[in-house]
Amino acid sequence: MAIAIYPGSFDPITNGHIDVIQRAANIFSQVIVAIVKNPSKTPLFSMDERMEMIDDVCALWPNVQVQCFSGLLVDFVRAQKASAIIRGLRAVSDFENEFQMSMMNKRLYSEADTVFLAAQSDYAFLSSSMVKEVASLGGDVRDYLPPVVYERLQKKLMLRSTGR
């Protein structure tokens, strides 16, 4: 059984992420969407909220599950007995950093390979950070998020603007 890990902060999960998950689910027998706990970042959504949203939007694929982790990605990959790390590439500029990370991961855990999936052209510019920024300034981001995520983002921004 080929297990792949798709790591990220997913704050929030976008249609670009969903596209990568769907394609990975067609390639691997199991895909674990792994939400990283990064103490140096302050996410908009809590870990539980992100897990719920990803569970909701990935319910169509029975071979996709959601987990969270902290620490080194390769330690999580090893613990899950995974053989692949999925990384999405949006632009050529992503490749250099992703390539360096893949080489370090390979050195730290030689039993897992990094598989790069190029973003579909509709999502090549898309990032969670950009979506949050545009939405916080009143821009319409509904085309870039699954409906359940869009609704939760709108609610979260509304609560934030009212100070709750």
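Please read all numbers here as calculations on a predicted model, not as lab measurements.
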Look at the side-chain heavy atoms of Ile, Leu, Val, Met, Phe, Trp and Tyr, link any pair under 4.5 Å apart, and say whether [X] and [Y] land in one connected group.
X    : Y    : answer
L126 : V20  : yes
V57  : L44  : yes
M53  : Y6   : yes
F69  : F10  : no
F99  : L117 : no

Checklist entry - Around atom CD of Q67, are there more than 12 heavy atoms of other residues, nucleotides or ligands at under 6.0 Å? => result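 Check passes, neighbour count above 12.
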
Checklist entry - Around atom CD of Q154, are there more than 12 heavy atoms of other residues, nucleotides or ligands at under 6.0 Å? => result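 Atom CD in Q154 is crowded, with more than 12 foreign heavy atoms closer than 6.0 Å.
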
Examine distances only and state if a side-chain atom of [X] and a backbone atom of [Y] form a donor-acceptor pair shorter than 3.5 Å.
X    : Y    : answer
S110 : R107 : no
D11  : P43  : no
D113 : S83  : no
N63  : V31  : no
S102 : T114 : no

Next on the checklist: Just to verify, which of R23, H17, Q22 counts as forming a side chain to side chain donor-acceptor pair (under 3.5 Å) with D19?
Outcome noted: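 Filter result, single survivor: R23.
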
Checklist entry - Does the ring center of Y144 lie less than 6.0 Å from the ring center of F125? => result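 Yes, ring centres under 6.0 Å apart.
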
Checklist entry - Would F95 and F116 count as a close aromatic pair, with their ring centres under 6.0 Å? => result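 F95 vs F116: aromatic centres under 6.0 Å.
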
Next on the checklist: Under 3.5 Å, is there a donor on one side chain and an acceptor on the other for D48 and S46?
Outcome noted: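 D48 vs S46: no donor-acceptor pair found between side chains.
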
Next on the checklist: We want to know whether E98 and Q100 form a side-chain donor-acceptor pair, criterion being a heavy-atom distance below 3.5 angstrom.
Outcome noted: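 No.
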
Is [X] salt-bridged to [Y], going by a charged N under 4.0 Å from an acidic O?
X    : Y   : value
R152 : E52 : yes
R87  : D94 : no
K156 : E49 : yes

Shortest non-hydrogen contact from [X] toward [Y]:
X    : Y    : result
A135 : L153 : CB-CD2, 3.8 Å
A124 : A119 : CA-CB, 4.0 Å
I35  : S9   : CG2-O, 3.7 Å

Item to check | Heavy-atom side-chain contact between Y150 and V131 under 4.5 Å | outcome: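 Not touching, per the 4.5 Å side-chain cut-off.
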
Item to check | Approximate separation, where rounding is to 0.5 Å, of I18 CD1 and C58 SG | outcome: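 Between I18 CD1 and C58 SG, I get 4.5 Å after rounding to 0.5 Å.
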
Item to check | From I3 atom CD1 to Q65 atom CD, the distance as rounded to the nearest 0.5 Å | outcome: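 Reported value, rounded in 0.5 Å steps: 8.0 Å.
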
Next on the checklist: Under the side-chain contact (heavy atoms from CB on, under 4.5 Å) test against V66, which residue among I21, I54, I32 passes?
Outcome noted: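 That would be I54; it is the only one of I21, I54, I32 passing the side-chain contact (heavy atoms from CB on, under 4.5 Å) with V66.
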
